[in-house]
Structure formats: structure tokens, C-alpha cells
Student: 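Below is a structure I'd like to ask you about.
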Amino acid sequence: MVIVAGVLALQGDIEEHVQALDRALRELGVDYRIVLVKKVDQLSKIDLITIPGGESTTIGFVSRRTGILDKLKERIENGLPTLGTCAGMVMMAKEVRDAVVGETSQPLLGVMDISVIRNVFGRQRESFEVDLKIPVLGNQPFRAVFIRAPAAVRCWNDAQPLATLRHERYGDLIVMVRQRNMLACAFHPELVLDTRVHRYFICEVAGLVQR
Amino acid sequence: MSIVDSVEYLEKLKDFFYRLLELNDRLREAGLPRLGPRPLPELPIVVDLSHPETGTIRVKIGFPAMVKHGVIMDVTNEEQAKIAEEAGAVGVMVLDKLPYDVRKAGGVARMADVKAIMRVMESITIPVSAKCRIGHYMEARILETIGVDLIDESEVLTPVDDQHHINKWEFKVPFVNGARDLGEALRRISEGASMIRTKGEAGTGNVAEAVRHMKIINREIRILMSHVDDEEFIRETARKYQVPPELVWLTARLGRLPVVNFAAGGIATPADAALMMWLGADGVFVGSGIFKSEDPQTRAQAIVLATSYWDDPETVVEAQKMVSESKAMMGIDIRKLKPEELMQLRGV
């Protein structure tokens with residue numbers, strides 16, 4: 001079987017996502033193909049999708065305009081394995097607000113039972129990298145890069161937090177969360193060469209490869 | 001290859017400049033007379049976490065990666081900023097006057113009003129950029145301190161130093177610089193720029209110069225790629241460009257600029273934006289093109305759509321149909337500009 005991995009290619013660090021998938025799938029030693037997803041008819045031909053980092057308002061605006069937003073939502077609800085990073089996490093959340101501006105009326109996929117605050121750590125100068133403990137990836141910490149990052153303050157139903165960061169104002173912020181076929185990260189695993197998050201997604205969340 | 005592969009070398013380059021600064025400090029402490037200004041203390045940045053590292057190379061070149069395939073729009077106030085955000089812009093650039101008006105007004109063009117920039121930052125959720133004059137360290141420090149997400153050291157404003165650009169390694173906030181060719185782009189990267197854009201000819205509504213600059217950079221990268229194993233050629237090119245040979249070699253291996261590269265200067269229509277994406281731009285800046293037109297709302301949306309779907313002719317047609325040529329900004333014929341009116345010749 002050839003795994004067809006899609007990257008939602010509307011806006012953001014699309015090339016970095018393609019490369020990260022390429023590294024991870026090569027390491028797993030499976031046959032695969034990576035496609036840039038821009039059109040509705042491509043959604044039925046992929047086995048998994050990743051939603052890049054970028055500006056969630058832009059991805060929302062463009063995807064609604066071209067009609068891919070609703071179709072992708074449907075596909076994810078019907079079980080398409082989905083990894084969203086940063087803006088991808090925002091797109092997947094059911095509840096979103098901004099740390100400065102408050103309520104936003106941006107178009108969302110709204111598929112995950114999480115409540116997300118955008119720009120929760122501040123502006124670009126407050127962007128940071130940190131060694132993050134992610135128990136499901138083993139003892140070795142993961143170098144997590146947070147860029148104007150969001151984070152979840154709450155999750156419900158079967159959404160499971162996989163990593164948290166302690167924040168003075170907000171308490172424990174959820175920066176990695178899984179719910180059934182969906183995985184969301186507030187940081188950018190595609191910006192480091194460590195492929196553990198992607199391999200976890202492909203093997204455990206998508207169940208496409210036996211480890 | 002992508003910019004992720006640049007991190008290791010750019011970190012080395014940054015370390016080199018930091019070691020120079022440290023040496024300077026040690027010599028001062030030893031009582032040796034040192035001429036010239038000393039760097040200001042680092043901006044204290046508080047992130048409420050244990051052991052976060054801010055202002056790293058990954059964070060600085062990672063930010064521009066997040067705005068790829070998007071449009072950053074010039075705005076002069078928060079009303080325009082909100083229009084830009086609602087239209088799907090990935091960021092705004094706050095100016096006192098749009099480049100077209102800078103050209104018409106003449107005189108000295110400086111950094112925008114700090115209060116105006118702060119008002120925009122409080123009213124929208126997307127990143128806010130602002131321009132400082134070439135070589136103006138203090139304008140850049142002010143922009144960094146108030147929390148601007150990206151600083152454009154821009155030829156649109158009147159340069160204060162015709163010899164040197166700002167040492168951008170000293171800042172935690174990423175910088176974007178204009179370039180007309182690969183040498184200029186790599187010089188700016190070696191000074192610490194985290195993002196490059198074509199200079200084009202700002203405020204003209206004429207995309208011709210941006211096309212020329214993008215093609216020159218592409219051609220020069222192709223030449224480098226064909227000499228990737230030619231040590232003499234790499235060294236000669238480095239000498240010509242006045243940059244470290246390692247940076248030239250990195251570019252040859254990557255087959256692209258080591259940082260994100262946007263198109264800027266004269267983009268006025270969805271088709272212009274799609275053209276620049278087709279030529280290999282990672283995204284576009286639109287200056288006067290939107291708010292000097294008579295249909296800014298729909299034009300902004302159309303340019304966003306065309307930038308994202310530049311490789312799908314049907315969507316580009318749909319985007320182009322959203323705007324009317326009679327409402328586009330008038331534009332200026334670049335051949336009618338006197339040499340001293342060309343902004344692209346500033347800061348090479």
C-alpha cells in the first residue's frame with residue numbers, strides 16, 4: 001500500500017510540512033507520496049492531512065472562499081487523520097479567542113473539543129523555543145519552537161492533553177492534544193529535524209504503520 | 001531543501017558577531033580606548049515559563065516561514081488594518097504615508113508615528129510590521145521595544161547611513177530587507193536579516209522592477225547551483241558579493257535563498273501577485289496597490305486569493321474578476337523617473 005499524505009497548501013509553512021512528512025515517512029520505511037491539497041476533489045484521495053502553521057485568519061478566509069473548509073471538516077469528522085500545528089491547531093478548535101482582541105469571528109474547521117487562545121504567549125519578540133516533555137514520545141525532551149503561538153486552556157469529551165506548559169497567568173496550558181483521529185500542536189514540529197511527533201501521528205493517531 | 005536547513009550555519013554566523021561584541025566589551029573593560037557606539041542592553045523579555053529561549057535563529061527565521069504564501073499589506077491606520085485582516089492578509093505594515101504618497105510628498109520620510117503603530121497592534125490579531133530608515137539603529141530599537149513583529153529596514157524611507165545597514169544580529173525581532181540581486185540579499189543575510197524581499201520600485205504600481213529583481217536573484221542562484229562543488233568559484237563569488245564563502249556555499253546547496261524571500265515593489269493586481277508567486281516568491285508585500293485603489297476591500301481579498309491559488313488558473317481568473325482595472329491605482333512609468341527618484345538605488 002502506498003500512503004498518500006496531504007498537506008493543506010493554502011498558506012503558511014507548507015514546504016516545511018512537506019519536508020517533515022518526507023523525513024518521517026522515509027524513516028518509517030514505507031511507500032508514500034506527498035500531495036499539496038488545494039482542491040475539494042483531492043480530499044477523497046488522501047490517507048492523512050497536515051494543516052501548516054501560518055495565519056489562521058488567512059487559511060480560514062481562503063478555504064471558506066474556495067469551499068474546501070466545509071468538505072475538509074466533513075472528511076475529518078468521518079475519520080481522516082489530521083495533524084494541525086499552530087494555526088492548524090486554531091483551525092481545528094471549536095472555541096477560539098485572541099489574547100488581546102478577544103472574540104474573533106474567523107472561519108474555523110471546529111472539529112476538536114478544545115478551547116484555544118491565540119497569541120497567548122505574546123507577540124513575535126516573546127516567541128521562544130524550549131525543551132518540552134511529551135510523555136508519549138519517551139523520556140527524551142522535544143525541542144519545541146513556539147512562534148506567536150496559541151495554546152488550549154481547556155479540553156473536554158475524549159480530547160486528551162499530551163503536553164502542557166506552566167504559565168504564570170493561565171496556569172497549565174495545553175500545547176499538544178489528541179482526540180481520536182486528530183492531533184494538534186501549538187508548536188512547530190516541522191521546524192526541527194526530530195521526527196517523533198510526525199511518526200507518532202502516522203503510527204499511533206493515523207494507525208497507518210505498525211511500529 | 002528549505003530554510004530549516006539554514007539554521008545550523010546561521011547560528012554559527014550569529015555566534016561570530018556575538019563574539020565580536022564580547023571582544024569589544026572586554027577591551028573596554030580593560031581600559032583600552034574604543035571608538036564608536038556600544039550596543040544597548042538586550043531587551044528584557046518576560047515569558048512566563050521556565051527556561052524559554054527567545055530571539056533564537058529558529059524563532060527569527062521561523063516567523064517569516066509562517067507568513068509564506070500570504071500577503072502583507074501596507075496600512076496607515078487601524079481602519080485600514082482591520083480591512084486588511086478581514087480580507088485575509090497575513091500581516092500589515094504600518095506607515096505614515098503609503099509609498100506613492102512618500103514619492104509625491106518628497107522631503108525626508110521617517111518611521112511611522114509610534115502611537116499609530118501601537119493603535120494598530122491593539123486592534124488586530126495578525127502580525128504588525130513597521131519600517132525604519134536604513135542604518136537607523138534607534139528607530140529599530142524603538143520598534144522592537146514597542147513589540148513590532150517584523151522590522152523592514154526600508155529604502156522607501158530616507159536612509160541615514162549610505163555605507164552601512166543595521167547590525168540585525170543584535171535584535172530579537174526579525175528584520176526584512178530589500179534586495180535587487182543575490183549579492184545584496186546575501187549581504188543583508190550576513191548582517192542578520194531573517195527575511196528578504198525584492199526591492200522593485202515602490203509606490204509606482206508597476207511590477208516590472210520586482211520581476212527584474214526576482215529573475216536576477218533566481219538566475220544568480222542557478223549559476224551557483226551549477227558550481228556547488230567548485231571551490232574557486234564559490235570563493236570568487238563570495239569576494240564579489242562581500243559575504244562569507246560559507247553563506248554562498250549554503251545558498252548553492254539549498255538552491256534557494258537561506259531565508260524566506262517575498263516579492264515587493266509595484267504589485268497592484270491579483271495577476272501581479274500570482275506572477276510573482278510563479279516566479280518563485282514565497283509571498284508578497286502590497287504597498288500602495290490596495291489603499292491607493294478605489295476598491296481596497298475587494299482588491300485586498302482578490303490579491304490574497306490569487307497569492308494562495310497562483311498555480312490554479314481558474315481561481316486566478318476568479319480573483320482578477322473581483323477587481324476592475326478602472327479602479328486600480330494609476331501607476332507611474334519607471335522610465336519617466338529621474339535617477340535620484342529611484343528608491344531601489346538606496347542602501348546596496
Side-chain angles (χ1 to χ4, degrees), chain A residues 9-16 18-20 36 38-39 52-66 86-87 97-102 104-106 118-119 121-131 143 145-148 165-170 173 188 190-193, chain B residues 1-5 7 43 45-56 58-63 65-71 85-91 121-128 144-145 147-150 171-174 260 282-283 301 304-305 307-309 311-312 315 318:
Chain A
L10 304 181
Q11 192 273 318
D13 65 339
I14 298 162
E15 292 75 14
E16 288 68 26
V18 169
Q19 281 200 338
L36 298 178
K38 287 185 142 175
K39 296 243 165 186
E55 281 305 315
S56 56
T57 46
T58 306
I59 298 173
F61 166 81
V62 174
S63 61
R64 185 174 62 185
R65 170 110 209 159
T66 59
C86 196
R97 64 195 163 92
D98 182 82
V100 177
V101 178
T104 62
S105 54
Q106 59 187 105
R118 287 179 61 200
N119 304 319
F121 299 100
R123 308 195 67 87
Q124 169 58 18
R125 66 176 187 196
E126 279 93 24
S127 293
F128 62 96
E129 43 183 288
V130 73
D131 283 328
R143 193 66 179 167
V145 186
F146 291 80
I147 295 176
R148 285 176 51 96
L165 275 181
R166 181 100 197 135
H167 190 282
E168 297 252 320
R169 178 165 159 211
Y170 295 97
L173 287 174
H188 294 280
E190 72 278 11
L191 288 186
V192 294
L193 299 174
Chain B
M1 299 269 252
S2 84
I3 56 157
V4 178
D5 303 288
V7 173
L43 187 68
I45 290 169
V46 183
V47 183
D48 292 331
L49 297 165
S50 51
H51 312 299
E53 275 188 73
T54 57
T56 62
R58 255 202 194 85
V59 160
K60 281 171 77 180
I61 69 167
F63 168 72
M66 299 310 147
V67 292
K68 283 197 299 182
H69 307 266
V71 184
E85 181 180 38
E86 277 161 24
V90 291
M121 290 197 300
E122 282 155 20
S123 61
I124 56 171
T125 66
I126 57 177
V128 175
E144 180 181 57
T145 307
V148 161
D149 297 297
L150 174 73
F171 290 76
K172 292 211 164 180
V173 168
V260 164
D282 290 318
Q301 291 178 10
V304 167
L305 193 61
T307 303
S308 181
Y309 277 84
D311 53 350
D312 178 49
T315 313
E318 193 195 319

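All chains are named by letter (A, B, ...) in the order of the sequence lines, taking the proteins before the strands, and each is independently numbered beginning at 1. Keep in mind the model is a prediction, meaning the values are calculated, not measured.
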Student: For B:Tyr309, is it the side chain, the backbone, both or neither that has a heavy atom under 4.5 Å from a heavy atom of chain A?
Tutor: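 Its backbone and side chain both get close to chain A.
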Student: Distance check, rounded to the nearest 0.5 Å: A:Thr58 atom OG1 versus B:Leu305 atom CG?
Tutor: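 Between atom OG1 of A:Thr58 and atom CG of B:Leu305 there are 12.0 Å.
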Student: With a 4.5 angstrom heavy-atom cut-off, is it the side chain or the backbone of A:Ser105 that approaches chain B, or both, or neither?
Tutor: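 Neither the backbone nor the side chain of A:Ser105 comes within 4.5 Å of chain B.
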Student: Under 4.5 Å from any heavy atom of chain A, what part of B:Gln301 do you find: side chain, backbone, both or neither?
Tutor: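 Contact with chain A involves both backbone and side-chain atoms of B:Gln301.
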Student: Output the option from A:Lys39, A:Glu190, A:Glu16, A:Arg148 having the highest count of non-hydrogen pairs under 4.5 Å with chain B.
Tutor: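 Of A:Lys39, A:Glu190, A:Glu16, A:Arg148, A:Arg148 has the most heavy-atom pairs under 4.5 Å with chain B.
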Student: Any idea which of A:Val100, A:Leu193, A:Ile59, A:Asn119 has the most non-hydrogen atom pairs under 4.5 angstrom with chain B?
Tutor: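 Sorted descending by pairs with chain B, the first entry is A:Asn119.
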Student: Is the side chain of A:Thr57 donor-acceptor paired with the backbone N or O of B:Gly88 at a distance under 3.5 Å, no angle test?
Tutor: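 No, A:Thr57 side chain to B:Gly88 backbone: no donor-acceptor pair under 3.5 Å.
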Student: Please classify the contact of B:Asp5 with chain A as side chain, backbone, both or neither, using a heavy-atom distance under 4.5 Å.
Tutor: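 Just the side chain, heavy atoms under 4.5 Å.
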Student: Which answer fits B:Val173, side chain, backbone, both or neither, if we ask what part of it has an atom under 4.5 Å from a heavy atom of chain A?
Tutor: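 Answer is side chain: those atoms of B:Val173 sit under 4.5 Å from chain A.
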Student: In terms of heavy-atom pairs under 4.5 Å, which option from A:Leu173, A:Val18, A:Val62, A:Val145 contacts chain B the most?
Tutor: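 The option with the most such pairs is A:Val62.
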Student: For chain A, which of B:Asp312, B:Val4, B:Val90 has the most heavy-atom pairs under 4.5 Å?
Tutor: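 Between B:Asp312, B:Val4, B:Val90, the count favours B:Val90.
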Student: For A:Gln11 and A:Ile14, work out which heavy atoms get closest and say how close.
Tutor: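 Smallest interatomic distance, heavy atoms only, reads N-CD1, 3.9 Å.
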Student: Counting heavy-atom pairs under 4.5 Å with chain A, which one of B:Thr56, B:Thr125, B:Val67, B:Asp311 comes out on top?
Tutor: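 Looking at each of B:Thr56, B:Thr125, B:Val67, B:Asp311 in turn, B:Thr125 comes out on top.
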Student: Walk me through whether A:Ser56 and A:Gln106 qualify under side chain to side chain contact (heavy atoms under 4.5 Å, CB included).
Tutor: CA-CA 8 Å; A:Ser56 56; A:Gln106 59 187 105; 2.9 Å; yes
Student: Under a 4.5 Å cutoff for heavy-atom pairs, which residue among B:Gly147, B:Pro127, B:Gly55, B:Ala87 has the most contacts with chain A?
Tutor: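 If we count pairs closer than 4.5 Å to chain A, B:Pro127 comes out on top.
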Student: Given heavy-atom pairs under 4.5 angstrom as the criterion, report whether the side chain, backbone, both or neither of A:Thr104 touches chain B.
Tutor: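 Interface part for A:Thr104: side chain.
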Student: Quick check on B:Leu150 against chain A: is it the side chain, the backbone, both or neither that has a heavy atom closer than 4.5 Å?
Tutor: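 Neither part.
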Student: Taking B:Asp149 for the side chain and B:Val128 for the main chain, is one N or O donor matched with an acceptor at less than 3.5 Å?
Tutor: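 Answer holds: yes.
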Student: Just say parallel, tilted or perpendicular for the rings of A:Phe146 and A:Phe128, cut-offs at 30° and 60°.
Tutor: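 Taking A:Phe128 first and then A:Phe146, their aromatic rings lie parallel (interplane angle under 30°).
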Student: Answer yes or no: is there a donor N or O on one side and an acceptor on the other, between the side chain of B:Asp282 and the main chain of B:Val260, under 3.5 Å?
Tutor: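 Not at all, since once roles are kept as given, no pair shorter than 3.5 Å links the two residues.
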Student: Evaluate the criterion salt bridge (Lys or Arg N to Asp or Glu O under 4.0 Å) for residue pair A:Glu55 and A:Arg118; output intermediate values, then yes/no.
Tutor: CA-CA 10 Å; A:Glu55 281 305 315; A:Arg118 287 179 61 200; 3.5 Å; yes
Student: Heavy-atom pairs under 4.5 Å with chain A: which of B:Val7, B:Val304, B:Thr54 has the most?
Tutor: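 Answer, by heavy-atom pair count under 4.5 Å with chain A: B:Thr54.
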Student: Check whether any side-chain N or O of A:Glu15 sits under 3.5 Å from a backbone N or O of B:Lys68 as a donor-acceptor pair, and report yes or no.
Tutor: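 Checked: no pair found.
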Student: Does any heavy atom of chain B fall under 4.5 Å from the side chain of A:Ile147, the backbone, both, or neither of them?
Tutor: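 Contact with chain B is through the side chain of A:Ile147 alone.
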Student: Need one label for B:Thr307: side chain, backbone, both or neither, based on atoms under 4.5 Å from any heavy atom in chain A.
Tutor: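 Neither the backbone nor the side chain of B:Thr307 comes within 4.5 Å of chain A.
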Student: Backbone N or O of B:Lys172 within a donor-acceptor pair of the B:Glu144 side chain at under 3.5 Å?
Tutor: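 Looks like yes, one N/O pair under 3.5 Å.
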